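Fair warning: this is a prediction, and the values are worked out from it, not measured in the lab. What's counted below: heavy atoms across the whole structure, side chains too, no hydrogens, waters or symmetry copies.
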Amino acid sequence: MKLLDRLTSEVLVADGAMGTLLYSYGIDYCYEELNVTRPDAVANIHRDYVKAGADVIQTNTYGAGLFKLGRYGLEGQMEEINRAAMRLAKGAAPEGRYVLGTIGGVRGIQSNGPALEEIVESTVRQAAVLLEGDPDGLLLETYYDLEELAAVVRRLRKLTELPIVAQVSLQEPENLQDGTALNDAFRLLESEGADVVGVNCRLGPFHTIRAFEQAELPERAFLSAAPNASLPALREGRFVYSSGADYFGRSAVRLRNEGVRLIGGCCGTTPDHIREAKKQLEGLAPVTAKHVAPRIPQEIREADPLSREPIHEQAQKRRTVIVELDTPRHLETDAYFHAAQTLYEAGIDAVTLADNSLASPRISNLAMGSLLKHRHGVHPLIHITCRDRNLIGLQSHLMGLDALGIADILAITGDPAKVGDFPGASNVYDVSSMELIRLIKGLNEGLSFSGKSLRKKTNFSVAAAFNPNVKVLSKAVRRLEKKIEAGADYFITQPVYTKEKIIEIHEETKHLGIPIFIGIMPLTHIRNAEFLHNEVPGIQLSGEVLERMRACGEDRAAGAAEGVQIANELIDTAAKLFNGIYLITPFLRYEMTLDLFRHIRQIDRRKESESYADITN
């Protein structure tokens, strides 16, 4: 009898984790390669699950696609590894048991990896190899990205008439990470051609059951579930799962009561868990009718009103000047607050605070930004890097900013740790700056990074970084276009040191329709100029600028004066083409920045006078 025919009248039990058992054997490498190098270990696990009563076993090919094998340099063995896996599973499955060819999702919360079209083509290639081995169906598991899973199901449905099991992974029981309700995801997957739709991994039995309490019975497809054994704990550097087999078996019965017909296990589950599930499900018929109370959407409050106009909206209408003033590397803060307040009282629109620039630790910009805002009345613009915080830390940081009423932020990737004071520190980079922008815009809709309701919207105005100091500016502009698609409201550039580059930026970006703040940083000395030119990523000085600074020799006062003069000449060009000017203060020498700001004010007053004269004449 075929798999779908059995599911029409029975609750079937699938196998549990493969990686968990291999890990327990002391194997911690590419598990899929073991199909070729250690086939006995893989086959023994299959047989153990069959002995435990599993009606369905899956091939050891979750990570046997081109992209995942590529992490180990094994992409050239993709066909060999998948063929071997199918032989091992088929060899372990007696008559009346079913083998599913397994394919794992590629995208996690990040989406900056391979393009969707590439992922689908890679999946088709893997599926084609698995189908050569005559499986009883295909299992698509651990898909966090619904768009990816729907596209894969759609394509594979054209490739085979065999059953397709499509399983999403949830960050929260209520919905997927993009906020889609589980019911809606199941309907989409069923409409694309999935025969079984379900949930696997990430959640333990308790939360998986909670997820299915809100799941209606599909019109045509069946429901499946493969929860983890429990939530993992870290002990002596190893992840362990603590739930007992009896608890897992009782949970399997509760899943059946929610209409699930194919029940297996994921991370942490063993043949003991599957044996107990099989025992406790024995004799239970499938649920054929189920009442699900209508889901009451949780109210999401509107964002708190802003105390002032967002930076990007202001720059759309008039001259806007922001000043970067890096927080101290030490705990003496009086000079910093004096500099910030002096600049703000002079009329700048915001003080921007870098996030441990050049990967060197400084006083938290969140703390200093809050003090600037609440003690000194200075408007802060906070930089957020992807380098120092994982997703948990990033969301917590952003929620803290919202609670403090700080709404203007710059999302950047961040310099790698090896360039800073602690070269042994690790880089996090859970997401790219583009993904971070997208996630922040989700917060503006009241959704956490996991898709869960935050009960209130944020109102962040999000800037993105722009490095125009490249040979082919059009390529950098295409990246800006992608950042706009992700939700960027405006751009802040790296320091620019030629008038020609400023003009080129204007010509290449005038179609974008959002503000661009041109970065201007005065040079202080020839050594400062050479360091920036030769050692700081994203900064490039012209030969003319270097020569002018060299002409000042070791005279520091002359060097600083020449640096201000060069910056003023650049401002003359930038002010004609852009409303946004970004002044970067070197070494807390705010007097230099103040000179530049006064020059901007003179330009604007002169322009106003000329406009008034034109009107009166």
Side-chain angles (χ1 to χ4, degrees), residues 3-4 7 12 14-15 17-19 32 56-69 78 82 85-86 89 98-108 111 113-114 116-131 133 135-170 176-178 180 182 185-203 208 211 215 218 220-227 260-267:
L3 175 61
L4 295 182
L7 287 173
L12 299 183
D15 58 6
M18 172 69 70
E32 289 73 21
V56 179
I57 61 173
Q58 57 176 298
T59 56
N60 180 36
T61 51
Y62 165 75
L66 292 173
F67 295 115
K68 291 183 177 179
L69 289 176
M78 187 273 288
N82 280 275
M86 184 59 70
Y98 304 95
V99 172
L100 298 178
T102 298
I103 298 172
V106 173
R107 289 180 175 176
S111 58
L116 182 60
E117 296 76 13
E118 294 177 314
I119 293 174
V120 173
E121 288 305 316
S122 170
T123 303
V124 168
R125 286 185 59 182
Q126 183 183 2
V129 177
L130 291 170
L131 289 170
D136 297 291
L138 295 175
L139 169 62
L140 308 173
E141 68 168 12
T142 321
Y143 278 77
Y144 287 93
D145 188 281
L146 182 59
E147 179 188 31
E148 177 190 357
L149 182 53
V152 167
V153 171
R154 187 184 316 123
R155 184 66 181 276
L156 293 185
R157 187 72 289 165
K158 298 176 181 177
L159 187 68
T160 180
E161 294 182 356
L162 289 176
I164 295 176
V165 182
Q167 295 184 153
V168 298
S169 291
L170 305 176
L176 279 69
Q177 67 183 20
D178 65 355
T180 302
L182 186 59
F186 284 167
R187 292 192 192 101
L188 173 62
L189 296 172
E190 184 180 23
S191 71
E192 296 291 1
D195 301 286
V196 181
V197 293
V199 171
N200 82 289
C201 204
R202 179 64 179 82
L203 304 178
T208 303
R220 175 188 58 81
F222 302 114
L223 294 178
S224 66
V260 181
R261 299 198 185 195
L262 179 61
I263 302 172
C266 205
C267 302

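Scanning for salt bridge (Lys or Arg N to Asp or Glu O under 4.0 Å) contacts around Arg125 gives an empty result, with sequence neighbours left out.
Counting heavy atoms from C-beta on, the side chains of Leu176 and Leu182 come closer than 4.5 Å. Between Asp145 and Asp178 the shortest side-chain heavy-atom distance does not fall below 4.5 Å. Using a 4.5 Å heavy-atom threshold, the side chains of Cys201 and Glu141 count as separate. Counting heavy atoms from C-beta outward, Val196 and Pro163 have side chains that stay 4.5 Å or more apart. In this structure the side chain of Val168 never reaches within 4.5 angstrom of the side chain of Val197, judged on heavy atoms. No side-chain heavy atom of Leu188 sits under 4.5 Å from any side-chain heavy atom of Leu149. Asn82 has its side chain within reach of Met78: a pair of non-hydrogen atoms, C-beta onward, lies under 4.5 Å apart. No side-chain heavy atom of Glu118 sits under 4.5 Å from any side-chain heavy atom of Leu66.
Between Ala127 and Leu159, the closest heavy-atom pair is CB-CD2, 4.1 Å. Contact detail for Ala194 and Ala166: the closest heavy-atom pair is CB-CB, 4.0 Å. The minimum heavy-atom distance linking Thr180 with Ala185 is given by the pair CG2-N, 3.9 Å. When all heavy atoms of Gly137 and Leu162 are compared, the closest pair comes out as CA-CB, 4.1 Å. Nearest heavy atoms, Leu262 versus Ala14: CD1-CB, 4.1 Å. Of all non-hydrogen atoms in Ser122 and Phe67, the two that sit nearest each other are CB-CE1, 3.6 Å.
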- prompt: Should Arg261 and Leu12 be marked as a side chain to side chain contact (heavy atoms under 4.5 Å, CB included) after you check the CA-CA gap, both sets of side-chain angles, and the distance that decides it?
  reply: CA-CA 6 Å; Arg261 299 198 185 195; Leu12 299 183; over 6 Å; no

message: Between Leu4 and Phe222, does the side chain to side chain contact (heavy atoms under 4.5 Å, CB included) criterion hold? Intermediate values first, please.
response: CA-CA 9 Å; Leu4 295 182; Phe222 302 114; 4.2 Å; yes

- request: Kindly indicate, with the supporting measurements, whether the criterion side chain to side chain contact (heavy atoms under 4.5 Å, CB included) is fulfilled by Leu100 and Leu3.
  value: CA-CA 10 Å; Leu100 298 178; Leu3 175 61; 3.9 Å; yes

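The residues Glu32 and Lys68 are annotated as not salt-bridged, no charged nitrogen and carboxylate oxygen being separated by less than 4.0 angstrom.
Residue pairs that meet the salt bridge (charged side-chain N to carboxylate O under 4.0 Å, His left out) test with at least one member in residues 188-197, sequence neighbours left out, are Arg154-Glu192, Arg157-Asp195, Asp195-Arg220.
We find the CG-CE distance between Leu130 and Met86 to be 4.5 Å, quoted to the nearest 0.5 Å. Atoms CZ and CG, on Phe186 and Leu146 in that order, are 10.5 Å from each other to the nearest 0.5 Å. Here the straight-line distance linking atom SG of Cys266 with atom CG of Asp15 works out to 10.0 Å at 0.5 Å rounding. Separation of atoms CE (Met18) and OG1 (Thr59) is listed at 8.5 Å; rounding is to 0.5 Å. Atom OG1 of Thr142 and atom CG of Asn200 lie 4.0 Å apart (nearest 0.5 Å). For the atom pair Asn60 CG and Ile57 CD1, the distance stands at 11.0 Å (nearest 0.5 Å).
Among Thr102, Leu69, Ile103, the one residue that satisfies the side-chain contact (heavy atoms from CB on, under 4.5 Å) test with Gln126 is Ile103. Considering Leu156, Ile119, Val152 as possible partners of Val124, the one that fulfils the side-chain contact (heavy atoms from CB on, under 4.5 Å) test is Leu156.
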